[in-house]
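Below is one structure, written out as structure tokens, with a few remarks after it.
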Protein chains: 2
Amino acid sequence: MNAVLKDFSVARPKPRTAPRANQRHDHVHCIAAALATASSLCAARGARLTKLRRRVLEHVWNSHVPVGAYELLNRLRADGRRAAPPTIYRALAFLADEGLIHRIETRNAYIGCDFADRPHQAQYFICEQCGVAAEVDASDIHRRIAARADELGFVVSGHNVEVLGICCLCQQRRVHVGSRA
Amino acid sequence: MNAVLKDFSVARPKPRTAPRANQRHDHVHCIAAALATASSLCAARGARLTKLRRRVLEHVWNSHVPVGAYELLNRLRADGRRAAPPTIYRALAFLADEGLIHRIETRNAYIGCDFADRPHQAQYFICEQCGVAAEVDASDIHRRIAARADELGFVVSGHNVEVLGICCLCQQRRVHVGSRA
DNA sequence: GTCAATTGTGTTATACCATAACAAAACTAA
DNA sequence: TTAGTTTTGTTATGGTATAACACAATTGAC
């Protein structure tokens, strides 16, 4: 699964050192892999990944920037399909129920899930410059949250963790801009 | 500061044991303390906590359940004031800028900040039954997030952590309901 | 105090996000 | 094929948020 090979979470063997040159992943393959995973998961579960739902999922996976429902609607219409808001929201609801996408609350937008094939409690690191949201399944973060919940006597059913900041690629870009100025 | 003495985060010396009987905090004092803190902070900063803003803050502090903008608008109108959405949103923007309230993203709602008088990176534990959101400033959670960000080469500017589940008081209530059934 | 500049509030209109309710079409299983 | 189920289309509406501009209040210099 190459799902984590997104714009700024490419495998980085040397944390704490300056990020390497802009190293884009093979996004065509990235989409294909996500779609294949979705197909097999739905098949295994008896969930119906219809053409519409599949197309919406493709549009969501178009980039690693969370996309709004109405933008997806426009893309469906650009496909030549007649569609109104409920069309897109129902598709999104299905995809979310199947764990194929997540909603980014701070953006009112949706993004493909990198870990659809296994249960997880994801966290997102969202770049305020380029908009890319990188999903991470950090069990240590979840454990800290669970421990704190325990202290409060709080039974956790889920969590939403969205970290905002500047991704490593945009930092490089900023340095470039700065050095030019 | 008694800010953390909210419905389900009352001082609990014995974590991991069953929560004690419903022990409500003095909410009148709770509001008064929050308003006093807000006043002194704004005075110190030269920020103008006008009557309108103060009143909105009072309404936000009316309970520990996050409240929507339009509900606040209705409460302002109940005060006899003429108000439209921009009125409330501008007040909310001011209060958020001053760190006096937070927005709960998963609810599109607003809640008073318990740690307005110091810099912090808060987390919220939100009860899906009673709606109460308890703010926690758990540095361990923030450290884990920061560490993971570091691995990604991501520079954090802020984070939004909202944990969903059932609070200890609602668990008690459920047990009671269950034993009666 | 008066004035000009700034800041805050009122008002209208509108944009964006999301869902309810019902009809039509497509699929599924006899 | 037919009945039952699920999915999609359609219309209408509700909930959240902001743009743009006018007016009012406050501030600070004089």
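Chain A is the first sequence line, chain B the second, and so forth, proteins listed ahead of strands; every chain is numbered from 1. Quantities reported herein were computed from a predicted structural model and do not represent experimental measurements.
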Check: After noting the C-alpha distance and the side-chain angles of B:Leu169 and B:Gln129, does the key distance pass the side chain to side chain contact (heavy atoms under 4.5 Å, CB included) rule?
Finding: CA-CA 10 Å; B:Leu169 292 179; B:Gln129 183 143 326; over 6 Å; no
Margin query: For a side chain to side chain contact (heavy atoms under 4.5 Å, CB included) check, start with the C-alpha distance between A:Cys130 and A:Arg173, then their side-chain angles and the critical distance, and finish with the verdict.
Written below: CA-CA 10 Å; A:Cys130 67; A:Arg173 289 176 199 126; 4.0 Å; yes
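Look at B:Thr87 and you won't find any side-chain N or O under 4.0 angstrom from OP1 or OP2 of C:dT11.
Of all nucleotides in DNA chain D having an atom under 4.0 Å from a heavy atom of chain A, the first and last in 5' to 3' order are D:dT6 to D:dT11.
For the pair B:Leu52 CG and C:dT7 C1', the interatomic distance rounds to 13 Å; values are reported in whole Å. Counting to the nearest Å, the P atom of C:dT11 and the CG atom of B:Leu76 are 13 Å from each other.
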Next item on the list: Do nucleotides 20-30 of chain C as a string where each nucleotide becomes B, S or -: B if the base has a protein heavy atom under 4.0 Å, S if just the sugar-phosphate does, - if no protein is that close.
Entry: BB-----SS--
Would you tabulate the nitrogen or oxygen pairs shorter than 3.5 Å linking the protein to nucleotides 16-18 of chain C?
unit_1: C:dA18; atom_1: OP1; unit_2: A:Arg103; atom_2: NH1; d: 2.2
unit_1: C:dA18; atom_1: OP1; unit_2: A:Arg103; atom_2: NH2; d: 2.8
unit_1: C:dA18; atom_1: OP2; unit_2: A:Tyr89; atom_2: OH; d: 3.0
unit_1: C:dA18; atom_1: OP2; unit_2: A:Tyr110; atom_2: OH; d: 3.3
unit_1: C:dA18; atom_1: O5'; unit_2: A:Tyr89; atom_2: OH; d: 3.3
unit_1: C:dA18; atom_1: N7; unit_2: A:Tyr70; atom_2: OH; d: 2.6
unit_1: C:dA18; atom_1: N6; unit_2: A:Tyr70; atom_2: OH; d: 3.3

When the side chains of residues 78-89 of chain B are checked against the rest of the protein, which donor-acceptor pairs come out under 3.5 Å, sequence neighbours left out?
unit_1: B:Asp79; atom_1: OD1; unit_2: B:Arg55; atom_2: NH2; d: 3.1
unit_1: B:Asp79; atom_1: OD2; unit_2: B:Arg55; atom_2: NE; d: 2.9
unit_1: B:Asp79; atom_1: OD2; unit_2: B:His59; atom_2: NE2; d: 2.8
unit_1: B:Thr87; atom_1: OG1; unit_2: B:Ala84; atom_2: O; d: 3.4

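Take A:His120 and apply the ring-ring contact (aromatic ring centres under 6.0 Å, His included) test, not counting sequence neighbours, and it matches A:His102, A:Phe115.
No hydrogens or angles considered: a donor-acceptor pair under 3.5 Å links the side chains of B:Glu162 and B:Thr106. Counted by atom type alone, B:Asn160 and B:Arg103 present zero donor-acceptor pairs between their side chains at under 3.5 Å. A side-chain donor-acceptor contact under 3.5 Å links B:Glu135 and B:Tyr124.
Note on the helix from C:dG1-D:dC30 to C:dA30-D:dT1: terminal axis deviation equals 30°, with five pairs used at each end and the result rounded to 10°.
The shortest distance between side-chain heavy atoms of B:Leu100 and B:Val60 does not fall below 4.5 Å.
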